[in-house]
Amino acid sequence: MHVYKGLVEPTSSTFIFTIVNTIVLFLILKKILFKPVKEFMEARQKGIEDSINEAEKLNLEAKQLKEEYQSKLDNIKEEGREIVKAARMRADEQSKEIIKEAQDKSSRMVERAEEEIEREQIKAMNQLKDKVGSLALITAEKILEAKLDEKEHDKMVQKFVKEVGEAKWQN
């Protein structure tokens with residue numbers, strides 16, 4: 001053996017033995033360690049891929065649910081607007097109906113009042129005619145009872161006009 005500054009020169013048998021040992025060690029490690037590690041890594045990779053696929057699936061489902069809920073929310077908002085619109089229309093119709101009823105009632109009240117005024121006017125006219133007739137009869141009686149000269153006749157007419165005027169103002 002030759003020694004080179006502290007190193008031993010390898011011989012061909014040592015070199016072959018080292019290579020054989022390395023190959024045997026590689027095969028043993030491959031059989032014992034690499035195969036389980038490879039299976040573990042493949043299983044781990046498959047688990048990660050499955051988790052990613054599941055997460056993507058859940059994400060897609062979540063997006064679909066969000067879109068469904070958004071659509072439902074939009075529909076609910078639209079229904080709410082329609083309900084408010086319908087309620088306003090009903091309120092407007094009721095308001096118009098109430099106003100129309102009030103106008104009709106007011107018109108009927110005015111008509112009744114006008115009819116009542118007309119009846120009262122007719123009644124007053126009839127009473128006035130009765131009074132005038134009574135006064136005319138009374139005057140005629142007085143004229144017939146008294147012999148009238150022209151002065152007497154003028155006095156009676158004046159008295160009659162005065163009595164008719166007083167009767168008119170009393171009623």
Side-chain angles (χ1 to χ4, degrees), residues 1-133 165-171:
M1 275 208 291
H2 302 331
V3 176
Y4 296 104
K5 296 184 186 175
L7 293 176
V8 178
E9 181 180 319
T11 60
S12 61
S13 65
T14 315
F15 182 70
I16 293 175
F17 181 71
T18 304
I19 291 189
V20 171
N21 275 340
T22 304
I23 292 173
V24 170
L25 182 62
F26 176 75
L27 292 173
I28 291 173
L29 286 176
K30 183 179 176 186
K31 185 79 171 168
I32 295 173
L33 184 64
F34 291 155
K35 189 175 181 181
V37 168
K38 184 179 175 185
E39 288 174 358
F40 172 76
M41 292 302 283
E42 287 175 355
R44 178 80 174 141
Q45 185 177 0
K46 185 172 179 352
I48 290 171
E49 288 173 357
D50 289 345
S51 293
I52 289 172
N53 290 338
E54 183 68 23
E56 287 175 354
K57 181 181 172 186
L58 289 173
N59 194 17
L60 182 63
E61 287 177 8
K63 284 181 182 179
Q64 289 173 344
L65 283 174
K66 181 183 175 190
E67 288 173 3
E68 277 182 41
Y69 289 130
Q70 187 62 42
S71 174
K72 287 180 182 178
L73 183 62
D74 291 343
N75 288 341
I76 289 170
K77 286 179 182 178
E78 183 62 31
E79 286 177 13
R81 283 190 285 271
E82 291 297 323
I83 289 170
V84 169
K85 184 179 177 182
R88 282 186 185 141
M89 289 176 64
R90 281 194 305 270
D92 287 344
E93 288 173 8
Q94 287 176 345
S95 173
K96 288 176 184 176
E97 192 174 307
I98 289 170
I99 290 171
K100 186 179 181 310
E101 287 177 9
Q103 288 173 340
D104 290 346
K105 188 174 182 179
S106 173
S107 295
R108 286 192 303 269
M109 289 175 70
V110 167
E111 286 175 11
R112 279 190 230 124
E114 287 173 350
E115 289 171 359
E116 183 66 27
I117 289 170
E118 191 175 326
R119 280 193 297 272
E120 288 297 320
Q121 284 177 340
I122 292 171
K123 185 177 173 183
M125 289 296 280
N126 288 337
Q127 287 176 349
L128 185 60
K129 286 179 185 175
D130 289 345
K131 292 248 183 200
V132 168
E166 288 175 5
K168 185 177 180 182
W169 290 110
Q170 288 176 0
N171 291 327

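Worth knowing before you read on, the calculation uses all heavy atoms, side chains too, and leaves out hydrogens, waters and symmetry mates. As the structure is a prediction and not an experimental result, all values here were calculated from the model. Nothing fancy with the numbering, it's 1 onward along the sequence.
- Side-chain atoms of Thr22 come within 3.5 Å of backbone N or O of Thr18 as a donor-acceptor pair.
- From Lys38, atom NZ reaches atom CD of Gln45 across 11.0 Å, with rounding to the nearest 0.5 Å.
- The environment of Arg44 atom CZ is sparse: at most 12 non-hydrogen atoms of other residues, nucleotides or ligands sit within 6.0 angstrom.
- No donor-acceptor contact under 3.5 angstrom links the side chains of Glu79 and Asn75, judged on distance only.
- Within a 6.0 Å radius of CZ in Arg81, more than 12 heavy atoms belonging to other residues, nucleotides or ligands are found.
- Interatomic distance, CE of Met89 versus NZ of Lys85, reported as 7.0 Å (0.5 Å rounding).
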Name each donor-acceptor pair under 3.5 Å that joins a side chain in residues 96-113 to protein atoms two or more places apart or in another chain, with its distance.
unit_1 : atom_1 : unit_2 : atom_2 : d
Lys100 : NZ     : Asp104 : OD2    : 3.2
Ser107 : OG     : Gln103 : O      : 3.0

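- Note that NZ of Lys57 is 10.0 Å distant from CG of Leu60, once rounded to the nearest 0.5 Å.
- The CG atom of Asn59 lies 10.5 Å from the CD atom of Gln64; values are rounded to the nearest 0.5 Å.
- Considering only residues two or more places apart in sequence or on other chains, Asp50 meets the salt bridge (charged side-chain N to carboxylate O under 4.0 Å, His left out) condition with Lys46.
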| request: Test side chain to side chain donor-acceptor pair (under 3.5 Å) on Asp74 and Gln70 and set out the steps. | output: CA-CA 6 Å; Asp74 291 343; Gln70 187 62 42; 3.2 Å; yes
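- No more than 12 heavy atoms of other residues, nucleotides or ligands lie within 6.0 Å of CD in Glu118, so this atom counts as exposed by the packing criterion.
- To the nearest 0.5 Å, atoms CD (Glu67) and CG (Leu65) are separated by 9.5 Å.
- Ile32 contributes atom CD1, which lies 11.0 Å from atom CG of Leu27 (distance to the nearest 0.5 angstrom).
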